[in-house]
Structure formats: C-alpha cells, structure tokens
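Just so it is clear, the structure is predicted and the values come from calculations on it, not from any experiment.
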2 protein chains.
Amino acid sequence: MTVSRAINTPQVVRPKTVEKVMAAVRATGYIPNALAGGLASKRSKLIAVVVPQINNSMFVDTIQSISDELARRGYHMLLCVAGYTHESEAEIVTTILSRRPDGIVLTGIHHSPELRKTVLNASIPVVEIWDLTPTPLDMLVGFSHAKVGYAIGQYLLNKGYRRFGLIWTEDRRAAQRKNGVCELLAQHGVDTPTEVLVPLPASLKLGREACASLLESDAVPDVLVCSSDTLAQGAIVEAMHRGMRVPEDIAVMGFGDLDFAAFHEPAITTVGIDRWGVGKRATDMLLEKLAGGFVSDPIVDVGFVLIERHSA
Amino acid sequence: MTVSRAINTPQVVRPKTVEKVMAAVRATGYIPNALAGGLASKRSKLIAVVVPQINNSMFVDTIQSISDELARRGYHMLLCVAGYTHESEAEIVTTILSRRPDGIVLTGIHHSPELRKTVLNASIPVVEIWDLTPTPLDMLVGFSHAKVGYAIGQYLLNKGYRRFGLIWTEDRRAAQRKNGVCELLAQHGVDTPTEVLVPLPASLKLGREACASLLESDAVPDVLVCSSDTLAQGAIVEAMHRGMRVPEDIAVMGFGDLDFAAFHEPAITTVGIDRWGVGKRATDMLLEKLAGGFVSDPIVDVGFVLIERHSA
DNA sequence: TTGTAGGCGTTATCAA
DNA sequence: TTGATAACGCCTACAA
C-alpha cells in the first residue's frame, strides 16, 4: 500500500519514503499494472473513441486533440474505427465496453436501439460529437449540419448562382447538410439541384469524376456544391483542366476548411469547423464529469463559419 | 468457470450448457470484464501503436489497417501519438506499457536507450515500422529511405535535371531520404541542392512558401524535390500561380503517392509505399508470434515504387 | 504516516 | 463436461 500511495498520491507519504520507493522503482524498472489497478479501483483511465473512419481529414484532428488532452491527464485512448453502418458500431461498442472504459466518445447522434441500450447500461459518461440534437444520450459537442446547408444555400443564392450541382458522399451527416441546401433552394423557388453521389471515402479523383459527369450533362450548373473540400478540390481541378475558369465559368464550394483550402488556386470557399475544439471540449466534459464535477452545459454547439474565398 | 468456457471456448462445453449461458448473457446484458480477464490470463489482447502524428496522411492508412486487422482477430488498439522527440516517446511508451499490451508497434528505428531498455524489458513482441535496419529490436516492416533518395536522384538525373531544389521537413526519416538524394547527386558531380526546411506537419501552404522562396532566390532550380506529396502539391500550385509551366519550366517531385497525386494537374511524379501493407504485415507478424508461431522472416522490406507521372 | 485484510472479475489448474 | 480453488496485482477501507 505504501508503494501504491508513493506512486499515486505521494503527498500523503513521507518524502523520505517516497524517495526510497522511487529508487526501487528505478532500480527494478517497475511499471504498475493498470489492468490490476483498473480492476481494483473500478477506474480504468481509458476513454473509448468510436469514429466511422480515420483516413478522413475531418476526424483526424479531433482524434488527435482528444488523444493529446487525455495523455496530459493520465488517460489513454482506445480508438475504434466503426465504419458507417449501425450493425458494426453496435458490435464494436459492445466489445470495447469489455475494456471498461471510464467514458466513451461516439461520432454522430443516430445509433441503433441496441447500441443506445448497451451504452446507457454501461453507466459511463458519453459524449456524442459532430452533430446536434436536443436529446443526446448524455453530453454532446457538435453543430447543426442542416444549418450549414442553409448557410451554404443562402450564401450562394446571394452570390447570384441559380443552377446548382451537388457532389456528395452518402453518409448521414452529409445528407443533413444536403437537405439543408435543398430545402433553402426550394423555399426560394430555385430549381432542384442536379446531384452526383459518390462513395466514401471522398477523394480528389471522385471529385473530378463527379464534376466531369455534371459538366457533360444537359443542364450544366453554375455552381458545384461539394460535401467536402477534397471533392471541391477535385471539381476545381477537373473544371480548370477543361479550360473553365473558377469561379467565373463555374463556382465551387467545399466543406471543412481543410489545410489546403485557403492556399489552393483559386482558394476554396468553404465552411470551417473547429475540429480541435470539438475534441478538446468533448474531453473536458468527459473528464469533468468523471472528476465528479458538474457539467453546466452538456450540449455544446461549436457552430461553424462560412469562409468566403475565391472559388465561389 | 463454465460461463468463462462457454464464452471463450464453447467447443469444449456441452451445446445445451452453452445455450443456457448465452441466454443468460443476453437476458442480463452481461459484458465480460477484459481488465479482470487480462489480469488473470496475462494476455490483455491489447496492441499498443506508437506514431509521431496521426494527422499525417502516411501513417493514417497504416493505423487504419492495423486497427481493422486487430479488430478482426479480437484485439484492440491503443493508439499513442508520441510527437517527434525521443523524450516524449520514451515517457509515453512507459505509461502505455502499464496497460500490459501483448505487443507493440513503434514507428521508426531510432529510439532512446531508455526506450530500448524499457521495451525489451517488457518481453513482448515489438514491430518497428517505416524504416529498415539489419538490427531491429525484434521485428520490422519498412523500407530504405536512403534507397528512396537514391532512386529519386537517379530518376531526375536521367530526366536531365541538374539544378536541384529541396523542400523538406525535418523529421529523421525524411532526412535519410534527403541524404540519399544528395549523396547520389554528389557522386555525379551535380551541384549541391538549394534547400528549404519546413516545420512539421507539412502542408500545402508550406509547400507554396518554400517554392516561392526558391523561385525568388539567385539560383532558380529546374526541379523541386519535396519530402511529401503535400509539399509537392503546394510547390506546383505556387509555380503555376506564377505563370510557370510544370514540368516544362520547373519540375516537381513528391513522396508518398497520396490519394490526390495521380489525379492532380499535372499528375504528381512520386514514390509509392504500400501503407496498408505495412500495417497488415506488422499485425500479422505480431499476432503470429503471440500465437506461439514461428516468424520466418522478422525483417520485411516492403520496398517502394517510383511512379512516373507528369510533374517531373 | 504506514500497514493489514479483503476483494475486484476473471482464468489456470486440478479434481470429479 | 463441469466444478472448486487459488491466484493475477492492485486499491478500498479500516486499524494502528
């Protein structure tokens, strides 16, 4: 017990004793067994993070910020890549719960009933990220994808664009943004956009191909709205390759404000999200709750910023 | 014990008993406690993966493939972002070892003496990835960065380029590639390249800025060799923005064969690495060894491919 | 400030 | 095929 205290709460142990313990630790290369510690204390100091993909520039920054923040506070991250299907998410979460994480971060707010039940049954703090709802499982850090869609639609209408083309991936959150755009256009009596759906993960290649197919269609759009900056970049490359000027001949709008967006030629008009902030706040809320503290506002809307640059 | 067997080795339990156990599991929502299991069995089914960064397109694919492969086999991944310094790596590995992972994947082959000692002392299988050495800690999956450098230098010399400009990040493995390029140029009596060092992480912005500074220098290069495709893309954007043609006025070479490289305009000449393969093989070797199997070749050179496209 | 006893939820081992 | 017992290494609770 004295060794345990010397390592975990040295302030309650006589300094000389601490020194003796630490000397022994160094001499033997002793490393505490966190499995045993977690079993005994019922605190594993593990946080599970479930994302649909990691080779997705949006999530990676959030993951990195969670990981950094956790490490600073003596926690570790169990990272699980769940894919975009409900079934796999429920299964993965069940196996991850066997590790007895002290808390869990889930991407999105749409979960299968089994998953909801399983997670709630675990009685640990949960933070859902990257979406917004008044009824989260527990806590939430995100933003409204529908509002992003409205904002994009409004901005482009104000700019005078009327023939919309959409290049979009098929995941649920992207769909909400698309609905936002379409609803706004409908409200203003603008023609329903032409639409090209692309599979995940998005890539420059898919953006080019989708752009090509829209440019070769009967009704060529005057603006291409893309579900990510990566697709937007592809669309721009394709349009320019065909001798079109962006935005004069065709405008392109992205989403995400990825690193390259500001420095591309033309710079990409897009929507910025505080990706690190999402991770930081999610971690803060989780650890605050674990520390027994009171989380004053369990629902955090980090909002978004429409960033006007040159492509639209 | 019967429950434990019904769950882990149902084949040694009477089918009817298994059924009864499973019914109870379902009814109660029982989820085994892997902390207790790991403590008792001395197998945590956890693999630690230490990388310098995750918001780095090179590592992300490897991480994803490790994660996928581990999940398929009932293991989980503890992902640790160590940064690029020795001190932080040693510290992080020590704390991660307290989780008693069954194996560990380390990025790179240059570790501090403390780290080597700590890891070896843990007596678990180790796989180093993304570099090559005849003397790994244990097992290794990677390729020779020096050879990549030679190949790049040789290719560009054959193409007739003589005035080299380098845009390079400061990490150790990138430095090996740079040394390869420089050595080869020196052997052929070509002028020492002009060099712009950029901080990590690489970005399109940094590529543009570095390119700008090289183009404004006294000795304008006829080829820009970049330590990553991201920097190469930036260099191309900047050069074209200044009205230069790529590769006619200035050629640009990248590294990594990231998704966008093939579909950029001009398509980026680069060096491809099987990033998924590295993760897959590392995981296979680790689990093979954990299963008590014999790893016939503990050093795997995955090689690389110089991909000629249009930018150089 | 340090020490003792007991238990956390599994699995290894041996017995039935 | 199932069960009983004793760890695994730590922490909680309480005692000294």
Are [X] and [N] close enough that a side-chain N or O sits under 4.0 Å from OP1 or OP2?
X	N	answer
A:Lys42	C:dG7	no
A:Ser4	D:dC10	no
A:Ser41	D:dC10	no

Tell me the closest heavy-atom pair linking B:Val300 and B:Met285, and the distance in Å. CG2-SD, 3.8 Å

Can you identify which nucleotide, out of D:dT5, C:dT10, D:dC10, has its nearest atom closest to the B:Asn33 side chain? C:dT10

Counting only side-chain heavy atoms from C-beta out, which of D:dA4, D:dT2, C:dA5 sits nearest to A:Met1? C:dA5

Can you tell me how far apart CG (A:Leu35) and NZ (B:Lys42) are? Round to the nearest 0.5 Å. 10.0 Å

Roughly how many Å is it from [atom1] in [X] to [atom2] in [N], rounded to a whole number?
X	N	atom1	atom2	result
A:Leu39	D:dG9	CG	P	12 Å
B:Arg99	D:dC10	CZ	P	13 Å
A:Arg43	D:dC11	CZ	C1'	9 Å
A:Ile31	D:dC10	CD1	P	11 Å

Can you confirm whether B:Glu288 is buried at CD, in the sense that more than 12 heavy atoms of other residues, nucleotides or ligands lie under 6.0 Å from that atom? yes

Are side-chain heavy atoms of A:Arg72 and A:Glu69 found at a separation under 4.5 Å? yes

Determine whether A:Met139 and A:Arg281 make a side-chain contact, defined as any pair of heavy atoms from C-beta on separated by less than 4.5 Å. no

Positions of residues 9-17 of chain A (non-hydrogen atom under 4.0 Å from DNA chain C), listed by number: A:Val13, A:Arg14, A:Thr17

Which of B:Arg173, B:Gln176, B:Arg177 passes side-chain hydrogen bond (donor to acceptor under 3.5 Å, both in side chains) with B:His145? It is B:Arg177

Residue met sooner reading DNA chain C from 5', once B:Ala40 and B:Arg5 are mapped to nucleotides: B:Ala40

Give B:Arg100 one of three labels, base, sugar-phosphate or nothing, depending on what nucleic acid heavy atoms sit under 4.0 Å from its own. nothing

Salt bridge (Lys or Arg N to Asp or Glu O under 4.0 Å) between B:Arg73 and B:Asp284, worked out: CA-CA 10 Å; B:Arg73 317 242 219 131; B:Asp284 285 347; 2.8 Å; yes

